[in-house]
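All heavy atoms count here, side chains included; hydrogens, waters and symmetry mates do not. Residues take their numbers from the sequence shown, with the count starting at 1.
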Amino acid sequence: MNQDQVRAIPETELEKDRARYGLLAVVVSNLAIAGVAIFGVWRLDGDKSVIVGVLTAAFTAVSSMTTAYLGIKAVSNTAKSIALRDAAPRQHTEPAASTAPAQRTP
């Protein structure tokens, strides 16, 4: 294995861990929001206008959290693919030796 392949293995595992734990955080947060909303609706004993407000707020929070995670993940994946494409081996050439401009005589 060359050095790039050795370095790519831990980075791939790190990306998998980030994705896994990020998704876990979103799911746990969404479940917590849903649990609080259900508890709030249960405790309100049928006050429909307040129940609608609680459910609307819960839906907004869940959809915002999920959309933010998916958006950040999409941008991260796009940036990573662009970086990997740009990191392809390039041939570096030395700039040509510049010659001094000719002196003008008055």
Side-chain angles (χ1 to χ4, degrees):
M1 274 189 193
N2 65 22
Q3 198 172 22
D4 291 335
Q5 289 173 334
V6 171
R7 204 174 344 174
I9 293 171
E11 290 176 10
T12 303
E13 290 299 317
L14 178 63
E15 286 299 318
K16 285 182 182 178
D17 288 344
R18 283 182 182 168
R20 188 174 298 128
Y21 290 120
L23 183 61
L24 179 66
V26 170
V27 169
V28 168
S29 298
N30 288 346
L31 289 174
I33 292 167
V36 168
I38 290 169
F39 180 75
V41 168
W42 173 65
R43 295 292 294 168
L44 291 173
D45 296 326
D47 187 2
K48 294 193 189 291
S49 62
V50 178
I51 289 173
V52 168
V54 168
L55 292 178
T56 301
F59 178 78
T60 302
V62 166
S63 63
S64 297
M65 177 97 53
T66 305
T67 303
Y69 171 75
L70 294 176
I72 291 168
K73 188 66 182 150
V75 169
S76 173
N77 289 345
T78 302
K80 182 180 176 186
S81 67
I82 290 171
L84 289 176
R85 186 180 63 216
D86 287 347
R90 297 180 185 165
Q91 293 207 357
H92 296 287
T93 58
E94 293 294 322
S98 63
T99 58
Q103 294 289 327
R104 289 196 301 170
T105 55

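We find the OG1-CG distance between T60 and L55 to be 10.5 Å, quoted to the nearest 0.5 Å. Separation of atoms CZ (F39) and CG (L44) is listed at 9.5 Å; rounding is to 0.5 Å. The distance from atom CD of E13 to atom CZ of R20, rounded to the nearest 0.5 Å, is 7.5 Å. Taken to the nearest 0.5 Å, the CD1 atom of I72 stands 11.0 Å off from the OG1 atom of T67. To the nearest 0.5 Å, atom OG1 of residue T78 and atom NZ of residue K73 are 10.5 Å apart.
Grouping the Ile, Leu, Val, Met, Phe, Trp and Tyr side chains by contacts below 4.5 angstrom, directly or via other members, places V41 apart from I33. Linking Ile, Leu, Val, Met, Phe, Trp and Tyr residues whenever their side-chain heavy atoms come within less than 4.5 Å leaves F59 and V52 in two separate clusters. Under a hydrophobic clustering in which Ile, Leu, Val, Met, Phe, Trp and Tyr are joined whenever their side-chain heavy atoms come within less than 4.5 Å, directly or via other members, V36 and I38 fall into different clusters.
The backbone N or O of V62 sits less than 3.5 Å from a side-chain atom of T66, completing a donor-acceptor pair.
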